[in-house]
Amino acid sequence: MDKARAAADDRKREYRVEELAEAAGITTRTLRFYRERKLLQPPRKEGRIAWYGEEHLARLRMIGELLERGHTLGGITELIGAGESGRDVAELIGLEAAIIAPWSDETPVRLTWDELKDGFGDQLTEENTAESLAQGYITVTDDGITHISRRLMDATTALVAEGVPLSAVLDASRRTQAHVDAIAEIFINVVTDHILGALSADSPLPPGEAARLTERILRVRPLARTVADAQFALAMDRRVHAEYDELLRHRRENGAEGSDGSEDGSEDGSESGSESGSESCGKDGSEDGSGSDA
C-alpha cells in the first residue's frame, strides 16, 4: 500500500523551474527559451510560483531526443503543434527524416603526415594543404589529417601518381564543387516548387498528406542521381569527341604544312642539281672539244 501511494505521489510530483531544469538535464535559461518558443505547456500557477509536472518533464525529454536525431527547433515546434491538433506526429517525423536524410555515404579516412608525404612528396605544401582545408575536405591535427571521403582521397592520390600536379587536382576540385552546388540547387528548386509546395503554406498539412509527401520524396531521390549521372556521361561524350576532333584537325593542319615544305625543298633541290649538272657537263664538253680540235 505504501509503495502504491509512493508511486502515485511520484507521478503527481511537481517541480519548480530550477528543479525541472535539473531533472531534464538542461539549464534554466534553456527551459525559459523553450517556454518562449511555445515548446512547453504553460505551468500551473500558485501565486507567483510556477509549478511543472511530469508532463512537462516528458516534453523536455522528447525535445532533447528529437534534437539528438537532428531535428531543428522549428521542426519540433511543428511536430508538437501537430500532436496538439490531433495530426499524426509519426507521419511528420517520417517526412522530415525523408527530406533531410543524407545523400552521401562517404567513408572518412585518416592519414598521417608520413603517409601523405609518401603519396604526394614535395607537393605536400602549405598552399595545397590550405586549399584542401578551404574546400572543406580535410581537418588537420598535429599527427595528420582526416579526409571526409576515402573515394575522393584515393582518386586524388591516383591522379597525382599519373603525373597530374596536386595543385591542378585541387583547382579542378574547387571548380567542380561550384558546378555541383549549382546542380544541387536546381534539383532542390524543382522539388520545392513542384513536390513540397504544401510545406510552404501557412495552413497545416491535411490528414495523410505528410505520408504521401514522404512516399514521393523517396521515389524522387534516386531519380535525381540518375539524371545527374546520365547528364554527366552525355556531357563527357560531347566534350571528349569535340576535343578529339579538334586535336585531329590540328594535327592535319600541321601535317599539311610539313608536306608543303618538303615538296618545296625537293623541287628546289632537283632544279638546283639539274642546273649544276648541266653547267658542269657544258664546261667539261667544252674543254674536251677544245682538246679534240687541238
Side-chain angles (χ1 to χ4, degrees), residues 26-27 29-30 33 63-76 96-192 196 217 220-240 243:
I26 61 175
T27 65
R29 182 177 179 180
T30 300
F33 174 72
I63 292 171
E65 291 175 0
L66 291 173
L67 287 172
E68 287 181 359
R69 295 180 187 178
H71 291 267
T72 63
L73 284 177
I76 294 172
E96 184 174 8
I99 292 173
I100 66 174
W103 284 74
S104 66
D105 54 358
E106 300 300 322
T107 303
V109 57
R110 179 167 177 73
L111 297 169
T112 66
W113 292 115
D114 289 338
E115 290 172 325
L116 291 166
K117 193 70 175 178
D118 291 340
F120 300 114
D122 59 3
Q123 298 189 64
L124 187 63
T125 62
E126 291 185 6
E127 291 79 8
N128 287 334
T129 302
E131 178 64 23
S132 297
L133 273 169
Q135 293 185 29
Y137 288 121
I138 67 171
T139 54
V140 177
T141 61
D142 291 339
D143 55 351
I145 66 140
T146 298
H147 197 292
I148 62 173
S149 170
R150 177 180 291 276
R151 291 196 303 168
L152 288 176
M153 188 67 198
D154 289 346
T156 300
T157 304
L159 286 169
V160 171
E162 293 295 335
V164 181
L166 179 57
S167 59
V169 174
L170 292 172
D171 179 65
S173 172
R174 177 176 49 78
R175 290 185 289 139
T176 300
Q177 194 176 65
H179 288 294
V180 295
D181 280 347
I183 293 171
E185 184 177 359
I186 291 172
F187 279 116
I188 288 174
N189 289 339
V190 169
V191 172
T192 301
L196 297 179
I217 288 294
V220 167
R221 281 175 65 99
L223 297 180
R225 283 182 177 270
T226 299
V227 171
D229 182 65
Q231 290 278 28
F232 176 70
L234 291 169
M236 286 297 293
D237 284 341
R238 290 193 297 270
R239 293 302 305 161
V240 167
E243 290 296 324

Intermediate values then yes/no, salt bridge (Lys or Arg N to Asp or Glu O under 4.0 Å), D114 and K117:
CA-CA 5 Å; D114 289 338; K117 193 70 175 178; over 6 Å; no
Distance (rounded to the nearest 0.5 Å) between T112 OG1 and D142 CG:
13.0 Å
For residues Q123 and L166, report the shortest heavy-atom separation together with the two atoms involved.
OE1-N, 2.5 Å
Close side-chain approach of D181 and E185, heavy atoms under 4.5 Å
no
If we only count heavy atoms from C-beta on, is the W113 to V140 side-chain gap below 4.5 Å?
yes
When rounded to the nearest 0.5 angstrom, what is the spacing between NE2 in H179 and CZ in R174?
10.0 Å
With a sphere of 6.0 Å drawn around CD of Q231, does it hold more than 12 non-hydrogen atoms of other residues, nucleotides or ligands?
no
If I take atom OH from residue Y137 and atom CD from residue E106, how far apart are they, to the nearest 0.5 angstrom?
10.0 Å
So do L111 and H147 actually touch side chain to side chain, heavy atoms under 4.5 Å?
no
Give the minimum heavy-atom separation between R221 and I99, together with the two atoms involved.
NH1-O, 4.1 Å
Any non-hydrogen side-chain atom of L73 less than 4.5 Å from a side-chain atom of L67?
yes
Single hit among V191, I183, N189, V190 for side-chain contact (heavy atoms from CB on, under 4.5 Å) with F187
I183
With a 6.0 Å cut-off (strictly less than), is the heavy-atom count around CG of D237, excluding the residue itself, greater than 12?
yes
Check whether any side-chain heavy atom of F120 lies under 4.5 Å from a side-chain heavy atom of N128, and answer yes or no.
no
If I compare all heavy atoms of L152 with all of S149, which pair ends up nearest, and what's the gap?
N-OG, 3.1 Å
Is the closest side-chain heavy-atom distance between M153 and L116 below 4.5 Å?
yes
Measuring from atom CD of E131 to atom OG of S173, what distance do you get when rounded to the nearest 0.5 angstrom?
8.0 Å
Kindly give the heavy-atom pair with the smallest separation between I148 and G136, and that separation in Å.
CD1-O, 4.0 Å
With the threshold set at 4.0 Å, does a side-chain nitrogen-carboxylate oxygen contact exist between R151 and D154?
no
Could you tell me the separation between the CZ atom of R110 and the CD atom of E115, rounded to the nearest 0.5 Å?
9.5 Å
In Å, rounded to the nearest 0.5 Å, how long is the span from CD1 of I138 to CG of L133?
4.0 Å
Closest approach of A98 and I217, non-hydrogen atoms and distance?
O-CG2, 3.6 Å
